[in-house]
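The structure appears below as C-alpha cells.
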Amino acid sequence: MTTPHGFWTKIRLTLSTPRRGRGFWYGLAIDALWPFVMVFTRSSWQGGEHIPATGPVLIASNHVSFADPVTVTAYVLGHGRIPRYLAKAGLWRIPVVRSVLSGGKHIPVHRGSARATDAYRDAVKAIENGECVLVFPEGTFTADPDGWPSVQQAKSGIARLALATGAPVVPIGHWGTQFVLPQQARFPRLLPRQRVAIRAGAPIDLSDLVGVEQTREVVEEATRRIMAGITEQLEVARGEKVPQAG
C-alpha cells in the first residue's frame, strides 16, 4: 500500500485493515477516527514495505501534533499491523481514553515514579509476543521551532528495548499534522484539506550494538542512530534537508 488515492481504494483499505486483536474500545476509536484521515487529509504514504507483516517490530516516529497518533495509526494499520503505543500514564486517568488504551493493549509510562520500570518490562513482553510497538522517542512535541527531531530531547527507552530484544526499529517521519491540528488549537482545521506525508524507512542498523553491555555510550549511540533515521525519513516527507548546525 502506498498513497490511498480514490474513493474505492480507500473503501478497500478500510475493509482490509486488521481487526482481530484491536479490542472493542480501541477498535471503536479507530473506526470513529479513520474517516478523519481518509476524508479530511490528503494522505501521502511511502515506505510501508519496511514494516514487517508479522513478528516483533519497534516503530519510532517524530511528534508534531496531537493528531499524530491518529494518522500514524492509520498508516500502520494500512500496512497490516496494529500498533501498541507507549503513552503517558496520566492518560489512563481519563475515563474514555482509559478504555481505549487498556483495550488496545497500550503500555503506560510512569515517569519519575516507583513504577517507571513497568513500561520497559511490559514493552519487552509485548515485543516477545510479536507485537508492533510504536514510540515517539521525544516523549512529547519536538522543541525545535522548525519541527525537526531533537536527539537531545529523545528518551533512551526505545534504544534500550531494541538492544534488549533485537527487534527491528523502523523509523517514520511524518509532516502536515501540525497544520491539521496545531498544538494550541482546540479543534482540527479540516478544510482546506492538508497534505499529511508519512514515510517509513529501512530498519536502523544496530547489529553491532546488540548483545554487548548496555553502557551509557552504547545506548546513546543507538538513540542517535534512531533519531538520525527518523530525521532522514522526515527530510523526504517534507521535501527539504535539515539545516546544518553552525
Side-chain angles (χ1 to χ4, degrees), residues 1-51 53 59-85 87 91 94-101 103-106 132 134-136 141-142 147 170-201 230 233-234 236-240:
M1 169 57 62
T2 54
T3 299
H5 280 321
F7 176 78
W8 289 112
T9 298
K10 292 178 179 179
I11 291 296
R12 286 195 297 272
L13 180 61
T14 300
L15 297 175
S16 65
T17 53
R19 307 191 72 83
R20 178 177 293 181
R22 298 198 310 193
F24 175 78
W25 288 105
Y26 188 30
L28 186 64
I30 290 169
D31 290 340
L33 293 171
W34 183 268
F36 164 80
V37 179
M38 294 294 107
V39 176
F40 292 108
T41 70
R42 294 187 295 114
S43 299
S44 175
W45 291 356
Q46 295 178 302
E49 68 275 9
H50 295 300
I51 299 176
I59 295 181
S61 174
N62 63 311
H63 197 6
V64 293
S65 167
F66 285 118
D68 296 344
V70 177
T71 54
V72 176
T73 294
Y75 176 85
V76 175
L77 282 168
H79 292 94
R81 299 303 299 267
I82 300 174
R84 315 296 185 186
Y85 282 86
L91 294 173
I94 304 172
V96 175
V97 175
R98 178 175 62 239
S99 298
V100 171
L101 294 173
K105 301 180 185 177
H106 302 294
C132 170
L134 199 154
V135 180
F136 296 113
F141 303 138
T142 180
V170 174
I172 280 183
H174 72 277
W175 191 247
T177 50
Q178 74 276 20
F179 304 122
V180 178
L181 185 60
Q183 294 177 14
Q184 304 303 322
R186 296 183 62 184
F187 301 102
R189 299 172 182 174
L190 303 181
L191 296 173
R193 294 191 306 156
Q194 298 292 328
R195 177 178 178 268
V196 175
I198 306 179
R199 179 182 172 87
I230 294 172
Q233 300 312 311
L234 182 57
V236 178
R238 291 178 64 161
E240 58 182 306

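Not measured: the values here are computed from a predicted model.
Residues Q194 and T41 have side chains not in contact (no heavy-atom distance under 4.5 Å, counting atoms from C-beta outward). Under the 4.5 Å side-chain criterion, counting only non-hydrogen atoms from C-beta, P18 is in contact with L77. Within the 4.5 Å cutoff, side-chain heavy atoms of L190 are placed close to those of F36. Proximity of P188 to F40: side-chain heavy atoms (C-beta onward) are nowhere separated by under 4.5 Å. Under the 4.5 Å side-chain criterion, counting only non-hydrogen atoms from C-beta, R22 is in contact with D31. The closest side-chain heavy-atom distance from Q178 to F141 is not below 4.5 Å. Proximity of I51 to I59: side-chain heavy atoms (C-beta onward) are separated by under 4.5 Å at one or more points. M38 is listed as a side-chain neighbour of L13, based on a closest heavy-atom distance under 4.5 Å.
Contacts of W25 classified as side-chain hydrogen bond (donor to acceptor under 3.5 Å, both in side chains), with partners at least two apart in sequence or in another chain: none. With sequence neighbours excluded, the residues satisfying side-chain hydrogen bond (donor to acceptor under 3.5 Å, both in side chains) with H63 are D68.
Pairing each heavy atom of V196 with each of T177, the nearest pair is CG1-CG2, 3.9 Å. For the residue pair I172 and Q233, the shortest heavy atom distance occurs at C-CB, 4.3 Å. Nearest heavy atom pair, residue V64 against residue G147, reads CG1-O, 4.1 Å. Considering all non-hydrogen atoms of both residues, P83 and Y26 come closest at O-OH, 2.9 Å. The nearest pair of heavy atoms linking R81 to C132 is NH2-N, 3.7 Å. Closest approach of P4 and T9 over heavy atoms only: CA-CG2, 4.2 Å.
Residue V76 is tested with T71, L134, V170 for a side-chain contact (heavy atoms from CB on, under 4.5 Å); the sole match is L134.
Between the side chain of R199 and the main chain of L234, no donor-acceptor pair closer than 3.5 Å is present. In this structure, T73 contributes its side chain and V70 its backbone to no donor-acceptor pair below 3.5 Å.
Separating the CZ atom in F136 from the OG1 atom in T142 is a distance of 12.5 Å, to the nearest 0.5 Å. From R42, atom CZ reaches atom CZ of R193 across 6.5 Å, with rounding to the nearest 0.5 Å. Atom CG of residue N62 and atom CD1 of residue I198 lie 9.5 Å apart, to the nearest 0.5 angstrom. In this structure, the separation between CD1 on I11 and OG on S16 is 11.0 Å, given to the nearest 0.5 Å.
Using modelled atom types and a 3.5 Å distance limit, the side chains of S43 and Y75 yield no donor-acceptor pair.
Other residues, nucleotides and ligands contribute only 12 or fewer heavy atoms inside 6.0 Å of the CZ atom of R189.
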